[in-house]
Structures are given as structure tokens and as C-alpha cells.
Amino acid sequence: MDIEQVGPVGAEITDIDLSVSEQIPVKAIEEAFLKHSVLVFKNQKLSPEDLKNISLIWGEPLIHPVFKGMENYPEIIEIKNLGEKYHTNAHWHSDVTFEEEPPNATLLYSLEIPDEGGDTLFSNQYLAYEDLSEELKENLTNKLAIHSNLGVLILSGGKAKDAKEVEHPIFRTHPETGRKALYLTEAFVKEIKDVESKFSQETLSALYKHSSNESYIYRHKWTAGDLVVWDNRCVLHYAEHGYGNQNRTMHRITTAGSKPL
Ligand code: SIN
């Protein structure tokens, strides 16, 4: 297995066949994941069964709280091109942060890729945290952000009265590396708890802009057969569209997480 760093976040892994489970160097993969936060495995040929088995390296596969999974594989969501208008992932986010225990890792496997467009961008939120002024770090330490599933619920045909809210720290400490990361998702965060509304809105706007600074980003240009795994505890991602009505088909699975602290 060869590992090569690809940017401010992420590493590309070659010379490994993830469909042969006995040959998978689990320990080395776990170490690389904690070091690089995004792993790109090239040239894989993975059935839904393989994908589900591989996901166990990162934890128990989860069923998405809103979107329906594949028949026989409820943990796997098939992502297809619904057109730019209905493309819901073109915003910086960490997955499903409106849950009490959002997923640790997401695995995204590419089956069909358009000729152009459809890149996924990843932003290193350890760096985003580390670059903040000491004053802002101090002011926001122990502050909580309120995350809501309202938008996703409405999008999937649900009712506003069923929406729920959870509170997570703005600075999350990664339970395995011990490093702090900025932990905000614009589409799910309503406000900062227990501060004046103006301060909340202005601070959040500034932090959203900061969190996707060019210097923290790795842009992944997909090839069919790539498996990309990212750490939702310290990385934001953004799925660009820009491929018109061409096909883009991915299989996506997330693994169990813990309450952010
Ligand atoms: C996602 O945001 O989970 C999907 C990313 C992608 O389709 O590139």
C-alpha cells in the first residue's frame, strides 16, 4: 500500500485491493485516516457487499435518518444526478450534524463519472481552528451551536413540526487525535446558543467564510472506481455540480459516531 499526501488535507492510496478483505492492512489505514483525514483509494471494484464490509474499518454502518437506502442495503444511499436544481450537496457541510451522534466517517464510491464537473472539495477544519485569533478562540470556547434538520426534512417531504434541534460545540475535540477542529455546517446551524442574535449571525458568517479558505482545501477530481473516505469530525466537504444532465452515480455509506465534545 502506497500513501501520498495530496494537499492540505487528504492522501491518495494506491497498490491495494479493498475487495480482498484478508489483505487489508487495517491498522495502517486507521493510522493514515487519523493523519490525513481524507483517504482516496484508487482503482477499486467494489460491490455493495464489499462497500458495507469495508465500512466496518471505520465503524458500524448507519441508516440515513432521512434519505432511503438501496434495496437489500439500507445503509447505502445511491447518489444520482437529479439535475443542478435538485442537487442538495453543493454547500460546505459535515454529514448529518443535526443528529446527537453524527457519523464519524463517510465512504463515497464512484461508479459513473461525468466527463467534466462533479468534483468534491474537502476543507481541513483543524487548520481552520488553528488559524483563528486567540481572542476568538477564547470567546467561543465552550460555546454551543444549535443544529436543526428542518431544511433536510422539508426537502424530503416532511413537516416543519417534526423538525428537531441538537447542540454541538463550535470547537470540537477529535476523540482520537485530541486535536481541536471548527465544527459548523451553515445549512444546519441556526444560531450560537446564549449569545445576542447579532453577534451570533455576524460571527457565524465570518466563520463560514473562514472555514472554506482556499488554503485548507483539497479538490477531488473523480475517476470511476475511486473510494474516498473522510472524517466528518474534522473535515467539511462540498459537492460541486456543473455536469448538466450527464450521469454521475455514487454509493455512499456513513459509520456510527459519538456525541461531539
Ligand atoms: C455528500 O455530500 O455526501 C456527497 C458528496 C458528492 O456527491 O460528491
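Indexing begins at 1, ligand by ligand and atom by atom, following the structure's order.
Contact detail for Pro103 and Leu62: the closest heavy-atom pair is CB-CD1, 3.8 Å. Taking all atoms of both residues into account, the shortest heavy-atom contact from Met1 to Ala28 is CE-CB, 3.7 Å.
We find that Lys137 and Glu134 are joined by a salt bridge, their nearest charged nitrogen and carboxylate oxygen being less than 4.0 Å apart. Comment: Glu112 does not engage Arg248 in a salt bridge, judged by the lack of any side-chain N to carboxylate O separation of less than 4.0 angstrom. Ionic pairing of Lys164 and Glu99 is present here: one or more N-O contacts between side-chain nitrogen and carboxylate oxygen are shorter than 4.0 angstrom.
Aromatic ring centres of His237 and Trp92 lie farther apart than the 6.0 Å criterion allows.
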Could you list each N/O atom of ligand 1 together with any protein N/O atom closer than 3.5 Å, one pair per line with the distance?
from, atom 1, to, atom 2, distance (Å)
ligand 1, 2 (O), His93, NE2, 3.1
ligand 1, 2 (O), His237, NE2, 3.0
ligand 1, 3 (O), His237, NE2, 3.4
ligand 1, 3 (O), Arg252, NE, 2.9
ligand 1, 7 (O), Arg248, NH1, 2.9
ligand 1, 8 (O), Thr120, OG1, 2.6
ligand 1, 8 (O), Arg248, NH2, 2.8

